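These notes concern the structure reproduced below.
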Amino acid sequence: MAETASRQFSGRLLIRCQPGSLTAEASNCMGPRERGDKESHGPLDISVLYNYVHLKRLELPYNNIKADMKYVFPLFNKLQDLSCISHMPYLVLLDASHNEISTFFEFEPPKNLQEVNLAHNCIAEMKDLAGYASLCKLNLDYNKLSEVTGLQQCCRLTHLSVAHNRISRIRSLDGLPLTHLCLRGNQLERIEGLENVKCLQVLDLSLNYITSLTGLQNLHILCSVDLEKNQINEIEECKHIHELSLLRDLNLLENPVQNQPDYRLAVIFLLQHLTVLDREEIAAEEKVVTVNKYDPSLDLVAARDHMTQLVHQLMQPQILYDSTPISADSPYPVIVLTGPQGCGKRELAHRLCQDFSEYFGYGICHTTRRPYCGEKDGIDYHFVSEEDFQRTIYMGKFIQSMRYGGHRFGLTRDVIDDLAREGLACCLHMELEGIFGLKKSYLEPRYILLIPAQVEKYIGQLKSCGLYTPAQIDVAVSRIDLYASTNKQQMGFFDDVIHCDDLEEAYQTLQHIVKDFLLLDEEEEEEDDNNSSNPSLESTSTGNDPEEKRPSPLLGSGSLISDSVSAVKPSDSSYRPYLTKIHTDLSPEKYSAELASVKRREQLVREAIVGRSPGVYSQLFKSPTQTAQLSPSSLDNQDPGGSQEMSSSSDSRASSALSFPISTGALVEPLDMPVMEHTLGTVKDHTASGQTSDGLHPTADHLPVIESPPSDGRPLFNIKLVLPPIPDRRKTSAAPSSSESLKLSPSQPL
Ligand SMILES: Nc1ncnc2c1ncn2[C@@H]1O[C@H](COP(=O)(O)OP(=O)(O)OP(=O)(O)O)[C@@H](O)[C@H]1O
């Protein structure tokens, strides 16, 4: 048969041994399994192979070629001795798998031989394959090899498979261009000798006794590792392959590590580039779940905290707080200094509250940390135990809380309310987590970032104060980047940024910002102008304080006073409500559950306001002090010819930032306009025209609507324009109760 075949035949030669006879066939296209069994073949005259000079593929699988190929199978003998290989210079593929060959490549190598399959034989030893320069793929599965050797010169070998042998150590692979390596089913206990196999992409180490993933860390282009049925115990082992950014597929099936709790989530989290784990594709949802579980964003942590605080707060009787915003446009004024620990924000906050004591009170947070030397409970913090802190959470008192340095910190609503009751804005200092928390709350503070620009100097300051361990200093320093990147990535997240390397300079800047915020700079300038142009002129044509018409930066756009401003610049504080509105407009739509929750809360407040729920109502208007605040003189402040009491008592703050709008309707609008219009319509008439509907100027007798307790002195629910100044005695101590507050401030313009 072969004689009749072309000597120039360059296709595939299949030789197989039928029971009792060796046969050969030539085919250009069909494989051994496809043809062999169906056709009958004459006995093989092996000499015929000399003629196949252009032979490229030689497949000899599933024969009973025993012992040494060289002697038992004369083809190889002849190829070697007679330089048969030179007759087959084009031989590219040799498949002699599933035989009983025990020797290894003892024939002269064809120069172009690229692929050799000697799997399922009896080879016990590898020898030097230096001559096989073209060899790309070598399959030696299911032999009796105890080590891999002799491949150093195979500079084109990309695929090597030595599965199911007796190999206990990986050696001699250094520098090989291997991309695929299979060592499945051997006796390996550790991964070694692969450090310099830098091209490795696919590695099969399944069915061994490997306990650690160390040894893989340098294989930077590794895409797939199969470690099924090994002895990997710890999830921690994944840290050895954590840096392998191209790793997509990892198989740890049937390793003890699978019994670890949250095994899959933990591995997915540690190896975030993976797309397949344990032969199962990783869904995007799984990735999100793992990140949220092990490394939640600050925003998510804050959202969870907010949910906790809100749920506990909603379980308490619902009341209107002193700091409850009169409308979305008129939030209770809060300034928050933020920045890394020890950057000086606390000192600056204290100083600010001292220098602007008429405007700001220091917001004393709760903490579970122990007081530093010199710190006082109720002044620096409310120092509480872990149990007390938790109890305060259960009581729904916190607006936000966070953990820092193993301790808990939190801001209660009471702190804000105490200050609001005293007519003061609140000044706080917080870590970034606190800012995320506050941004979820009803407060709308002004956030000022204090950030060290000279890191060395900052480290020096932290060290010299002697309060911090080196680890704490490292954490604080590492967080500078967090602040910087937040500022960079989230435009407008902070309202102002101040470098705090020089605390004095930082304070000057801060002061400037705060004055600007309070419009005090303008006030001073205007005063100067007025004094220089007409020193005798001390009031405006309305007869009120010269600043009467100046817009309060803390007022909403609905404020009567701010309405008088014709052009509001983006830099003005009164521009903020506009920004808030835009932000609200751009925010994603609320889910139905969220909307239902908002509705429920509105309903509670509405019922509280209109008195349908007596229990809540009684708490709402518990303070008798407020009827005094509703005196006509308060209203008269809107009336150019009204009482001078307000303007005179208001003194320096008559037109300050802490003025609040008279437009009581603004509070009602978001809740239930029709109900409240009915209730408060008359007051609105007053505010608009300065007269009651019967044409009279408002007096106590003409305020029927607010007769029933309309306000409990809450500055934002108050029709007073100006908040009372803080009594001196209270500036350094904890805020007293509201009844005490009345006693302590007899001279106040109540
Ligand atoms: N309620 C809160 N929410 C978020 N962060 C807070 C809160 N209260 C305090 N912090 C911040 O927690 C950090 C740790 O507070 P701690 O009082 O231990 O710091 P410190 O060493 O005194 O440094 P600093 O001078 O910056 O306050 C500080 O950065 C502080 O500003």
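Predicted model, so just to flag it, every value in this text is computed and none were measured. Read the numbers this way: they start at 1 and go in the same order the structure lists the ligands and their atoms.
- Under the 30°/60° scheme for interplanar angles, the aromatic rings of His366 and Phe398 are found to stand perpendicular.
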Original post:
Can you check salt bridge (charged side-chain N to carboxylate O under 4.0 Å, His left out) on Lys440 and Asp299, steps first, answer last?
Top reply: CA-CA 9 Å; Lys440 308 246 170 294; Asp299 201 36; 2.6 Å; yes
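- Judged purely by atom type and a 3.5 angstrom limit, Asp417 uses its side chain to pair as donor or acceptor with the backbone of Asp322.
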Original post:
Can you list the steps and then say if Phe269 with Lys287 is a side-chain contact (heavy atoms from CB on, under 4.5 Å)?
Top reply: CA-CA 7 Å; Phe269 173 70; Lys287 293 201 170 192; over 6 Å; no
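- In summary, of the residues considered (Tyr404, Phe409, Phe389), a side chain to side chain contact (heavy atoms under 4.5 Å, CB included) with Thr367 occurs for Phe409 alone.
- Under the side chain to side chain donor-acceptor pair (under 3.5 Å) rule, Tyr362 has a single partner from His429, Gln354, Arg346, which is His429.
- Enumerated by chain and number, the residues approaching ligand 1 to less than 4.0 Å through a heavy atom are Gln341, Gly342, Lys345, Arg346, Cys365, Arg369, Tyr372, Tyr381, Gln400, Met402, Tyr404, Phe409, Gly410, Leu411, His429, Met430, Glu431, Gly434, Tyr468.
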